[in-house]
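The block underneath contains the structure these notes are about, expressed in structure tokens.
Sequence positions, counted from 1, serve as the residue numbers for this chain.
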Amino acid sequence: MYINSINQFTNYFMDYAQIATDTDQEFIMGSSIILTSLINASLLEKGACLIALSGGSTPREVYTELGKSTEIDWQNVWLCLVDERYVPAGDKDSNAQMIRETLLKSANIPEDHLIFPDTSLPIDECIDQYNKAFENIKPDIVTLGLGPDGHIASIFPPVTEAAMDRGTQIIHTETDIFDVHDRISMTLPAIARIESTVFMLKGEDKLKVWEEMQRSTDNSKRWPAKAILQSSGVTVVTSK
């Protein structure tokens, strides 16, 4: 598999590793290899690993490939969602359902290791319950994408004060650019506190948005990914 080295990109506030791949298969395998390595590092150090997963179309095949790994002790892995659409469980737009259809098809993770929002509850109760789930735990790894407007994890620009609140971990976000308006998301500070972040960017359009963000002098209110890039342990996997 060709990977365009692991290049280090640094500017006045961003320091991250970038893995550039040439094909869809290389993108899938490269992302899966990075995640496997991070999971196993956490298992070796702590005996357990909690991964916060994002949804969307880009990571579907990565999660499917990752779930097939026989190098991971899945019995000691926990999963949560960095964001979720407020739709019924099993809905085609549900991130939890996507995880069940991909990673969990092969990965033998116990059901009680799945920390997902209960979207059958009224949204305020759903968020309150999900917040309580994170009172004494912190994910070790988070996967993120990048939307055409620069949003990450259902945190849409301009970023609200609630999304920047260091005193809470889960909030209700809203958007008019997608069919599912109501979302549940970790706050930017909660995401930034996670030790290892893997951005997965696939396609020319995503790369153009990423490059626009890098050139921009606007802060994380316009580009929420900038808040994450200021933290340590960021890897960006790209494919044209």
Side-chain angles (χ1 to χ4, degrees), residues 1-11 13-35 38 51-66 81-85 93 95 98-99 102-103 141-159 163 173 175-180 183 185-186 188 191-192 194 196-231 233-240:
M1 176 178 64
Y2 171 81
I3 294 180
N4 185 21
S5 69
I6 298 183
N7 300 316
Q8 197 74 15
F9 285 73
T10 309
N11 65 22
F13 72 93
M14 293 187 289
D15 185 2
Y16 61 90
Q18 179 170 337
I19 298 175
T21 64
D22 280 343
T23 68
D24 286 353
Q25 189 59 28
E26 288 172 4
F27 176 81
I28 293 164
M29 295 302 297
S31 299
S32 179
I33 288 168
I34 289 294
L35 288 169
L38 291 171
I51 315 167
L53 298 174
S54 63
S57 58
T58 297
R60 285 191 67 97
E61 293 179 295
V62 173
Y63 295 159
T64 297
E65 183 65 29
L66 179 65
L81 297 176
V82 67
D83 68 318
E84 176 60 293
R85 289 88 174 253
D93 290 317
N95 288 340
M98 187 270 278
I99 301 303
T102 56
L103 191 147
I141 303 163
V142 60
T143 66
L144 294 171
L146 184 71
D149 61 343
H151 79 267
I152 62 168
S154 295
I155 297 175
F156 299 89
V159 176
T173 68
T175 178
D176 291 327
I177 65 174
F178 294 109
D179 290 339
V180 181
R183 309 292 182 98
S185 178
M186 289 186 177
L188 278 183
I191 299 170
I194 298 173
S196 298
T197 301
V198 178
F199 278 94
M200 291 181 277
L201 309 177
K202 183 178 174 183
E204 293 279 4
D205 290 346
K206 296 288 180 72
L207 295 179
K208 285 178 180 177
V209 176
W210 186 263
E211 290 163 4
E212 180 186 352
M213 179 190 72
Q214 289 182 294
R215 292 191 300 268
S216 174
T217 58
D218 291 333
N219 63 18
S220 56
K221 277 191 165 293
R222 168 62 186 90
W223 299 104
K226 285 189 175 183
I228 312 306
L229 289 168
Q230 292 176 55
S231 63
V234 176
T235 302
V236 183
V237 186
T238 65
S239 176
K240 294 181 179 181

| query | Just by distance, do the side chain of Ser32 and the backbone of Val62 share a donor-acceptor pair under 3.5 Å? | reply | no
| said: I'd like to know if the side chain of Asn95 reaches the main chain of Asp83, judged simply by a donor and an acceptor atom lying under 3.5 Å from each other, with no hydrogens or angles considered. | reply: yes
| remark: d(Lys240 NZ, Leu207 CG) to nearest 0.5 Å is 7.0 Å
| remark: Contacts of Val234 meeting side chain to side chain contact (heavy atoms under 4.5 Å, CB included) (sequence neighbours excluded), chain-then-number -> Tyr16, Thr197, Phe199, Leu229, Ser231, Val236
| Between atom CD1 of Ile152 and atom CG of Leu146, what is the distance when rounded to the nearest 0.5 Å? | 8.0 Å
| field | Between CD1 on residue Ile33 and CG on residue Leu38, distance to nearest 0.5 Å | value | 12.0 Å
| Who passes salt bridge (Lys or Arg N to Asp or Glu O under 4.0 Å) against Lys221, sequence neighbours left out? | Glu161
| request: Could you grab the distance from atom CG of Leu66 to atom CD1 of Ile34, nearest 0.5 Å is fine? | output: 12.0 Å
| Main-chain N/O of Glu212 paired with Ser216 side-chain donor or acceptor, under 3.5 Å | no
| request: For the pair Arg85 and Phe178, evaluate side chain to side chain contact (heavy atoms under 4.5 Å, CB included) and give the outcome as yes or no after the intermediate values. | output: CA-CA 10 Å; Arg85 289 88 174 253; Phe178 294 109; over 6 Å; no
| said: Strictly distance-based, threshold 3.5 Å: is any side-chain N or O of Thr173 a donor or acceptor partner for the main-chain N or O of Ser154? | reply: yes
| remark: Heavy-atom closest pair (Arg222 atom, Asp149 atom, distance to 0.1 Å) is NH1-O, 2.9 Å
| Heavy-atom pair of closest approach, residues Ala192 and Ala227 | CB-O, 3.9 Å
| remark: When every non-hydrogen atom of Pro224 is compared with those of Ile155, the smallest separation belongs to CG-O, 3.7 Å
| field | Least distance between heavy atoms, Ala153 atom then Ser185 atom | value | O-OG, 2.6 Å
| Less than 4.5 Å apart, any side-chain heavy atom of Ile194 and any of Val82? | no
| CD of Gln18 to CG of Leu201: how many Å apart, nearest 0.5 Å? | 8.0 Å
| said: Would the distance check show the side chain of Thr235 and the main-chain N or O of Ala17 forming a donor-acceptor pair, the cut-off being under 3.5 Å? | reply: no
| query | Considering residues at least two apart in sequence or located in another chain, which fulfil the ring-ring contact (aromatic ring centres under 6.0 Å, His included) criterion with Tyr63? | reply | none
| Which residues share a side-chain hydrogen bond (donor to acceptor under 3.5 Å, both in side chains) with Asn219, sequence neighbours left out | none
| message | Can a donor-acceptor pair be found, under 3.5 Å and without considering hydrogens, that links the side chain of Lys206 to the backbone of Gly145? | response | no
| remark: Output for pair (Lys226 NZ, Leu188 CG), nearest 0.5 Å, gives 13.0 Å
| said: Looking at every heavy atom in both Thr21 and Ser239, which two are closest together, and how far apart are they? | reply: OG1-CB, 3.3 Å
| Residue list, salt bridge (Lys or Arg N to Asp or Glu O under 4.0 Å) with Arg60, at least two apart or on another chain | Glu101
| remark: Here the pair of heavy atoms bringing Gly55 nearest to Met98 is CA-CE, 3.7 Å
| field | Results of salt bridge (Lys or Arg N to Asp or Glu O under 4.0 Å) for Asp24 - residues two or more places apart only | value | Lys202
